[in-house]
Amino acid sequence: MPANLNLHGKRGVDLLHDPRLNKGTAFTEEERDALGLRGLVPPKVTTQAKQLSRILGHIRRKQNDLDKYTYLVSLQERNEALFYRVVIDNLDEMMPLIYTPTVGQACQKYALIFRRPQGLFISMKDRGRVKRVMQNWPEPGVRMIVVTDGERILGLGDLGANGMGIPVGKLSLYTACAGVAPQKCLPVMLDVGTNNEELIADPMYIGLPQNRLRGPAYDELVEEFFTAAQEVFPNVCIQFEDFGNTNAFRLLERYRDRACTFNDDIQGTASVTLAGLYSALRVSGADLASSTFLLFGAGEAGIGIGHLIVEALKTVGVSEAAARRRCWFVDSKGLVVSSRNDLAEHKLHFAHDHAPVSDLLEAVETLKPNMLIGASGMPGTFSEPVVRAMASLNKRPVIFALSNPTSRSECTAEQAYTWTQGRAIFASGSPFSPVTIDGHSHQPSQCNNAYIFPGVGMGVIASAARRVTDEMFFVAAKTLAGLVTEEDVRHGRIYPELRHIRNVSAAIAAAVADVAFQRGLTDMVRPDDLAAQIRNEMYNPEYAAYV
Ligand code: NAI
């Protein structure tokens, strides 16, 4: 038996029921004899490759995406290695199923498809005993936690405890895209209630049917969770996911210098978007230093993007103040300007002196942006006049409609290409199919955080970094953009193809770990060959031999 493999004395049915160890029909003759499996699985020994094609057949015969999602979750619960084989070898097809957009539907219908719990539920009833709850988790070596309180699930709003599908899906991507071993991953739902009255009234709802905990009691629970997580799982990195923006910015500020933590909605989104903007500049031949950005939606995603664009502009010689003035925001009340007295704190950095402007079209016409980025959760808001205005201002208008899931996208790929006569450089949060205009096919890009967070997480784990810094996200964006090939650019693609994602993540992980070593953020000794070390650590879903 390989030295690192521990069956914990399991044999027979116990082995088959442990998803981390189960191989189903691929147990060899020797293993069947040695581990009491004979008769418990059909007699013909198969290979993982044969199992893979059988599973793909099952999935492809399913009528709809939610059924495919449910099937994949149940596969993950019975044979983890096979699940990851299926996902890794078919990322283009599987990623939209295990993550956005299908995971959004899954969260909305969580009570209906709920079979058995995945991850750890910590509720407001657990105040005072959070550490003991965390100690119930069976894996001691957790290095990456994704935690949500379910208040802002994708662009779908408050889904309370049903939001658990998001950390589960996201951690699957850490494993599939960057090789973070599944036993190092822990999804956590902080069930602090929900203000979604429909859920509270639903007898099938799995969460606490009461309104959200707010104020000091909420903060105390989060504090207890952070302290317990760091004690129970030394060196753990905690990723905030889909918190409402009143808590998201605040909590990130509170913990970023005290713990190894980041918020993917703010920092990961910023990084993948900046990478896309760098590539868009390559496609259009335009210049970063003279570009103007209009961001529609001044929440976590938008403001995070704004801050990272400022950092990028500073690297090409633009002063901080001038860089901020290149980033304009429109929120639900119109242009974010300094004369407004209704602005949340996170918007103040970008509240410029300007006359009030009430709508997006007027903002486009007034500010003449080169890049229009939507992160509002408001579908259809990049209307025909807005997109046409961008097209009349720019030879190659950059239009990113980032809101998820697909139903929330500010415009569709087809609309962006049609209304710009195919000139748009378009990216979206959820995937769109190619669009043909006048016989010419356009391939929309997916500005998918999965290009960034798995690699960043892997780099933080591999270097045992004590902190996750903005510099790491900037370096990740640069690395990602640098992996876009000339051929990609020729095809209008602003991100590498998904099938390269494990290489992309490995490169980002090495770059992020390098920042940790250079900045003294780790006590680890730097390995001679950092990139090789990271590749060695990457989880591989091949079956291990047990005997
Ligand atoms: P958030 O709730 O923090 O922010 C939403 C913002 O949109 C708020 O500033 C709000 O004022 C603004 N808004 C709402 N209605 C508006 C309207 N009618 N006109 C203009 N602005 C309006 O949410 P967050 O985290 O910023 O996410 C926003 C969207 O971006 C979501 O749909 C989310 O799924 C998507 N997103 C996409 C990512 C990607 O493509 N890689 C990553 C992260 C988020």
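Throughout, residue positions are numbered sequentially from 1 according to the sequence presented. Counting starts at 1 for both ligands and their atoms, following the listed order.
- The residues Asp331 and Lys347 are annotated as salt-bridged, a charged nitrogen and a carboxylate oxygen being separated by less than 4.0 angstrom.
- Under 3.5 Å, the side chains of Glu223 and Tyr255 contain a donor-acceptor pair of N or O atoms.
- Here the heavy atom of the protein found nearest to atom 14 (C) of ligand 1 is Ser376 O, 3.7 Å.
- Closest heavy-atom approach to atom 23 (O) of ligand 1 within the set Lys347, Arg152, Glu241: this belongs to Arg152.
- Using modelled atom types, one finds no donor on one side chain facing an acceptor on the other under 3.5 Å when comparing Thr148 with Asp242.
- In this structure, of Thr100, Asn404, Ile305, the residue bringing a heavy atom nearest to atom 38 (C) of ligand 1 is Asn404.
- Heavy-atom proximity to atom 6 (C) of ligand 1, evaluated over Ser430, Gly299, Ala344, Ala301, is greatest for Gly299.
- There is no protein heavy atom closer than 4.0 angstrom to atom 10 (C) of ligand 1.
- With respect to atom 22 (C) of ligand 1, the closest heavy atom belonging to the protein is Ser332 N, 3.6 Å.
- In terms of polar-atom proximity, defined here as any N/O pair under 3.5 Å, Thr269 makes no such contact with ligand 1.
- The nearest non-hydrogen atom to atom 37 (C) of ligand 1, considering only Leu360, Asp359, Leu402, Asp265, comes from Leu402.
- Among protein heavy atoms, the minimum distance from atom 19 (N) of ligand 1 is reached at Phe296 CZ, 3.2 Å.
- Annotation: Ser428 places no N or O atom under 3.5 Å from an N or O atom of ligand 1; distance criterion only.
- Under 3.5 Å, the side chains of Tyr451 and Gln446 contain no donor-acceptor pair of N or O atoms.
- Taking only nitrogen or oxygen atoms, main chain and side chain alike, Glu300 reaches within less than 3.5 Å of ligand 1.
- No hydrogens or angles considered: nothing links the side chains of Asp488 and Tyr495 as a donor-acceptor pair under 3.5 Å.
- Below 3.5 Å of separation, one finds an N or O of Asn245 facing an N or O of ligand 1.
- Salt bridge status for Glu486 with Arg282: present, with a side-chain N to carboxylate O gap under 4.0 Å.
- For Met378, no nitrogen or oxygen atom sits less than 3.5 Å from a nitrogen or oxygen atom of ligand 1, counting backbone and side chain alike.
- Remark: the Gln267 side chain and the Asp470 side chain contain an N/O donor-acceptor pair separated by less than 3.5 Å.
- For ligand 1, the atoms sitting less than 4.0 Å from at least one non-hydrogen atom of Gly377 are 29 (C), 32 (O), numbered in the order shown with element in parentheses.
- Identified under the ring-ring contact (aromatic ring centres under 6.0 Å, His included) test for residues 330-350, with sequence neighbours left out: Phe249-His346, His307-His349, His307-Phe350, Phe329-Phe350.
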- [ ] For side chain to side chain contact (heavy atoms under 4.5 Å, CB included), just list the numbers for Asn394 and Thr420, CA-CA rounded to whole Å, side-chain angles, deciding distance to a tenth of an Å, and then say yes or no.
- [x] CA-CA 10 Å; Asn394 298 285; Thr420 60; over 6 Å; no
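- The atoms of ligand 1 that sit less than 4.0 Å from any heavy atom of Ser403 are 29 (C), 30 (O), 32 (O), 35 (C).
- For ligand 1, the atoms sitting less than 4.0 Å from at least one non-hydrogen atom of Ala298 are 6 (C), 8 (C), 9 (O), numbered in the order shown with element in parentheses.
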TODO: Report the C-alpha distance between Phe473 and Phe262 in whole Å, list the side-chain angles of each, state the deciding distance to 0.1 Å, and finish with yes or no for ring pair (Phe, Tyr, Trp, His ring centres under 6.0 Å).
DONE: CA-CA 10 Å; Phe473 287 97; Phe262 70 99; 5.3 Å; yes
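- Atom 41 (N) of ligand 1 has Asn449 OD1, 2.4 Å as its closest protein atom, hydrogens excluded (heavy atom only).
- Looking only at protein heavy atoms, the nearest one to atom 5 (C) of ligand 1 is Ala375 O, 3.9 Å.
- Looking at atom 12 (C) of ligand 1, its nearest protein heavy atom turns out to be Gly297 CA, 3.8 Å.
- Residue-ligand proximity, Gly155 to ligand 1, at heavy-atom distances under 4.0 Å covers atoms 31 (C), 32 (O), 34 (O).
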Task: Stepwise side chain to side chain contact (heavy atoms under 4.5 Å, CB included) check, Leu154 with Ile166 - done: CA-CA 9 Å; Leu154 304 174; Ile166 298 290; 4.0 Å; yes
- [ ] Test Lys314 against Glu311 for salt bridge (Lys or Arg N to Asp or Glu O under 4.0 Å), laying out the working first.
- [x] CA-CA 5 Å; Lys314 279 160 62 183; Glu311 291 309 311; 3.3 Å; yes
